[in-house]
Amino acid sequence: MINGMHLTPIGDSNVLLEPGEGLDPSNTDDYMDMVARFMQQHRIRRLIYDLGNVRMIDQVYYAWLVKLHSLCKVSSVEMVAVNITPAAAFSLSMIIDGRPPFACKLDVDRARGLT
């Protein structure tokens, strides 16, 4: 476990990232290194980011998601955000004009292509 987030391999080269209360999206450099090493060690092809416990996505949190997506992209890992709450989706829509660079799916099963 990385401080502030939980990374769980869920099979088929997928990992589930669950952010915790201790996640500081304004201080991402340490997270990037640890996530990159984890993805390499586990040969991850898809990172599924569970936003179910994120109440609001502000500029700082969105910048963290975009930076994480960039890390995934250079590592040939797909990033998919899932379980976005209506409040988080609304706050996200207030700060971006277009689509986010990462994919969004309803839940983990859909992100994995199981449904």
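Start at 1 with the first residue, then count along the sequence. Keep in mind the model is a prediction, meaning the values are calculated, not measured. Values below: all heavy atoms of this structure, side chains included; hydrogens, waters and symmetry mates excluded.
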Validation row: L16, V108 side chains within 4.5 angstrom (heavy atoms): yes

So, for D107 and V82, which heavy atoms are closest and what is the spacing to 0.1 Å? O-CG1, 3.5 Å

Atom CG of L92 and atom CD of Q59: how far apart are they, to the nearest 0.5 Å? 10.0 Å

Angle between ring planes, Y62 versus F102, binned at 30° and 60°: parallel, tilted or perpendicular? tilted

Donor-acceptor contact present, side-chain R112 to main-chain I10, <3.5 Å: yes

Closest non-hydrogen atoms of M79 and L65, given as atom of the first, atom of the second and distance, are CE-O, 3.8 Å

Output for pair (D29 CG, N27 CG), nearest 0.5 Å, gives 6.5 Å

C104 and P100 have their tightest heavy-atom pair at SG-CG, 4.0 Å

ILVMFWY cluster, M94 and M56 together (side-chain gap under 4.5 Å): no

Work out which heavy atom in A111 is nearest to a heavy atom in I48; give both atom names and the distance. CB-CD1, 3.9 Å

Can you measure from CG (L17) to CZ (F38) and round to the nearest 0.5 angstrom? 9.0 Å

Verify, without hydrogens or angle tests, whether Y31 (side chain) and D24 (backbone) share a donor-acceptor contact under 3.5 angstrom. yes

Under a 3.5 Å distance rule, please check whether D12 uses its side chain to pair with a backbone N or O of N14 as donor and acceptor. no

Does one hydrophobic cluster hold both V77 and V66, with members joined at side-chain heavy-atom distances below 4.5 Å? yes

Do V15 and R46 have side chains that get closer than 4.5 Å, going by heavy atoms? no

Answer with yes or no whether the hydrophobic clustering places L71 together with L51; edges join I, L, V, M, F, W, Y residues whose side-chain heavy atoms lie under 4.5 Å apart. yes

When you measure from the side chain of S91 to the backbone N and O of A88, does any donor-acceptor pair fall under 3.5 Å? yes

Nearest heavy-atom pair of S76 and R45: which atoms, and what distance? O-NH2, 3.0 Å

Quick one: CD1 on I84 to NZ on K105, what's the gap to the nearest 0.5 Å? 11.5 Å

Could you tell me whether the side chain of H6 and the main chain of E18 form a donor-acceptor pair under 3.5 Å? no

Evaluate the side-chain proximity of M39 to C72: yes if any heavy-atom separation is below 4.5 Å, no if none is. yes

Calculate, to the nearest 0.5 Å, the distance between atoms CZ and CG belonging to R37 and L7 respectively. 11.5 Å

ILVMFWY cluster, V60 and Y49 together (side-chain gap under 4.5 Å): no

Output for pair (N83 CG, L106 CG), nearest 0.5 Å, gives 7.0 Å

I57 reachable from M5 in the ILVMFWY side-chain graph, under 4.5 Å edges: yes

Flag the pair L47 / V35 as yes when at least one side-chain heavy-atom distance between them is below 4.5 Å, and no otherwise. yes

Around atom CG of N53, are there more than 12 heavy atoms of other residues, nucleotides or ligands at under 6.0 Å? no

If you take all heavy atoms of P25 and L23, which pair is closest and at what distance? CD-O, 3.4 Å

